[in-house]
Amino acid sequence: MVEELLTAVVAAGVGVVVYMGAAARVVKQYERGVVFRFGRLREEIRPPGFTVIVPVIDRLRKVNMQIVTLPVPAQEGITRDNVTVRVDAVVYFKVVDPANAVVAVEDYRFAVSQMAQTSLRSIIGKSDLDDLLSNREMLNQGLELMIDSPAVGWGVQIDRVEIKDVSLPETMKRSMARQAEADRERRARVINADAELQASHKLAEAAEVMSEQPAALQLRLLHTVVAVAAEKNSTLVLPFPVELLRFLERAAPPPPAAAAREEPASAGPASEGPGPAEVDAAQAPAAVDAAQAPAEVDAAGSNGGPSALDRAAEERALGAAEPPPYPDESPP
């Protein structure tokens, strides 16, 4: 009798252990349990922790309540301004109603993925290229609203949608690069012209000040020499301004009155030959003879005798034959 009782107790204990092993379930902190009894949804949602179901009768399905990161494959489309682009995005969502996420949709992950791809294509067709490149925040909000509208009935809440990358054709990239380069070149030229204008005003003011104070020009020249010498160049080419010469000329002391007057030239000794006055006196008859030569030529030519030119040639020949009066010195 006792043996039968012990066998019954052991059998009961084994049965309880087997039952508890089949009925016991553990729900993690980030999960919720949905129970189906004979295929019918139980209203009670099992919280995290240890829970028990009826074996064979109940089925427990766990639903992840964490935020899910779902990458959206790159979608190719044509923008409103007829530019072909490829855009990919990422969707962040979470389950807020485990019962609807299990009952209302077959696979809420696949459903959200397909809805995100469709919405992304729609956003591409409604937007311009500039909006896709620079105004992504507004596009992200519009894309989030388009995905969240049907997802509410699935027990899913769209937390955030982000456009990751926009791929452009190579020709479009080169065109945009040329446009950006031209715009930067235009701005650089405008800035350079503005700088030249301001510099011209400042130079005009500096020139006006230097004209009033000529010493400032010399100081500026010395500053230029110092700046060039700091470069340690072997050759220094420095322009010398004319204004500096004029300033130095005005600053120079006037010459004395005694030096300004010229001394009269004195006649040399007799042994050195005639002085300037004697040379002029000796050349005077020659000038008179040269002046009278045309008249004598005319007179001789009219009488038929030897002309003045012939006589002048004979006189020059006789003068060349005679020795000089001063053989040791040059003729006067």
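Each residue takes its place number in the sequence, starting with 1. Computed from a prediction, not measured in an experiment: that's the story for all the values here.
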| When clusters are formed by joining ILVMFWY residues with side-chain heavy atoms under 4.5 Å apart, either directly or through shared neighbours, do Met65 and Val105 land in the same one? | yes
| If you round to the nearest 0.5 Å, how far is CD of Gln117 from CD1 of Ile147? | 10.0 Å
| Can you tell me how far NZ of Lys62 sits from CG of Asn64, rounded to the nearest 0.5 angstrom? | 11.5 Å
Ignoring hydrogens and angles, write down the donor-acceptor pairs under 3.5 Å from the side chains of residues 184-197, residues two or more places apart or on other chains.
from   : atom 1 : to     : atom 2 : distance (Å)
Glu185 : OE2    : Arg189 : NE     : 3.4
Arg186 : NH2    : Asp183 : OD1    : 2.7
Asp194 : OD1    : Gln198 : NE2    : 3.4

| note | Here the pair of heavy atoms bringing Val27 nearest to Gly33 is CG1-N, 4.2 Å
| request: Identify the two heavy atoms, one from Ser127 and one from Thr79, that lie closest to each other, and give their separation to 0.1 Å. | output: O-CB, 3.3 Å
| Taking only residues at least two apart or on different chains, which pairs with a member in residues 131-143 satisfy side-chain hydrogen bond (donor to acceptor under 3.5 Å, both in side chains)? | Asn140-Glu162
| message | Hydrophobic clustering (ILVMFWY, side-chain heavy atoms < 4.5 Å, transitive) - are Leu70 and Ile158 grouped together? | response | yes
| said: Looking at every non-hydrogen atom in both residues, tell me the closest pair between Val34 and Leu41 and how far apart they are. | reply: CG1-CD1, 3.0 Å
| ILVMFWY cluster membership beyond Ile57 - transitive side-chain contacts under 4.5 angstrom | Phe38, Val54
| field | Heavy atoms from other residues, nucleotides or ligands near NZ of Lys28 exceed 12 (cutoff 6.0 Å) | value | no
| task | Could you grab the distance from atom CZ of Arg121 to atom CD1 of Ile78, nearest 0.5 Å is fine? | result | 10.5 Å
| field | Minimum heavy-atom distance between Ile123 and Gly142, given as atom pair plus value | value | CD1-C, 4.3 Å
| Side chain of Ser149, backbone of Leu145: donor and acceptor closer than 3.5 Å? | yes
| query | What's the spacing between Ile53 CD1 and Arg42 CZ if we round to 0.5 Å? | reply | 11.5 Å
| Of all pairs that satisfy salt bridge (charged side-chain N to carboxylate O under 4.0 Å, His left out), the ones with a partner from residues 76-97, not counting sequence neighbours | Glu76-Arg86, Arg80-Asp128
| task | Please name the pair of heavy atoms, one in Arg109 and one in Val68, separated by the smallest distance, quoted to 0.1 Å. | result | NH1-CG1, 3.3 Å
| query | Honestly curious: do Leu60 and Val63 fall in one hydrophobic cluster under the side-chain, below-4.5 Å linking rule? | reply | no
| query | Can you tell me if Arg59 uses its side chain to pair, donor with acceptor, with the backbone of Val56 under 3.5 Å? | reply | no
| Where at least one partner belongs to residues 204-227, residue pairs that pass salt bridge (charged side-chain N to carboxylate O under 4.0 Å, His left out), sequence neighbours excluded | none
| query | Step by step, would you call Val26 with Phe50 a side-chain contact (heavy atoms from CB on, under 4.5 Å)? | reply | CA-CA 5 Å; Val26 177; Phe50 180 79; 4.3 Å; yes
| said: A quick test of your reading: do over 12 heavy atoms of other residues, nucleotides or ligands sit less than 6.0 Å from NZ of Lys126? | reply: no
| Around atom CZ of Arg61, are there more than 12 heavy atoms of other residues, nucleotides or ligands at under 6.0 Å? | no
| What pair of heavy atoms forms the shortest contact from Ile163 to Ala89, and how long is it? | CA-CB, 4.0 Å
| Should Arg46 and Val35 count as side-chain neighbours, where that means a heavy-atom distance under 4.5 Å? | yes
| Does Val18 sit in a hydrophobic cluster with other residues, and if so which ones, taking ILVMFWY side chains as linked at heavy-atom separations under 4.5 Å, directly or through other members? | Val10, Val14
| Nearest-0.5 Å distance that lies between atom CG in Asn100 and atom CH2 in Trp154 | 12.0 Å
| query | Going from CE on Met115 to CG on Asp148, what distance comes out if it is rounded to the nearest 0.5 angstrom? | reply | 11.0 Å
| task | Can you establish whether the number of heavy atoms outside Glu106 located under 6.0 Å from its atom CD is more than 12? | result | no
| said: If hydrophobic clusters are built by linking Ile, Leu, Val, Met, Phe, Trp and Tyr wherever their side-chain heavy atoms come under 4.5 Å apart, do Val161 and Leu133 end up in the same one? | reply: yes
| query | Would you say Ile45 and Val103 are hydrophobically clustered, going by side-chain heavy atoms of ILVMFWY under 4.5 Å? | reply | yes
| query | Quick one: does Leu129's side chain get under 4.5 Å of Leu168's, heavy atoms only? | reply | yes
| Are Met176 and Lys173 side-chain neighbours, meaning at least one heavy-atom pair lies under 4.5 Å? | no
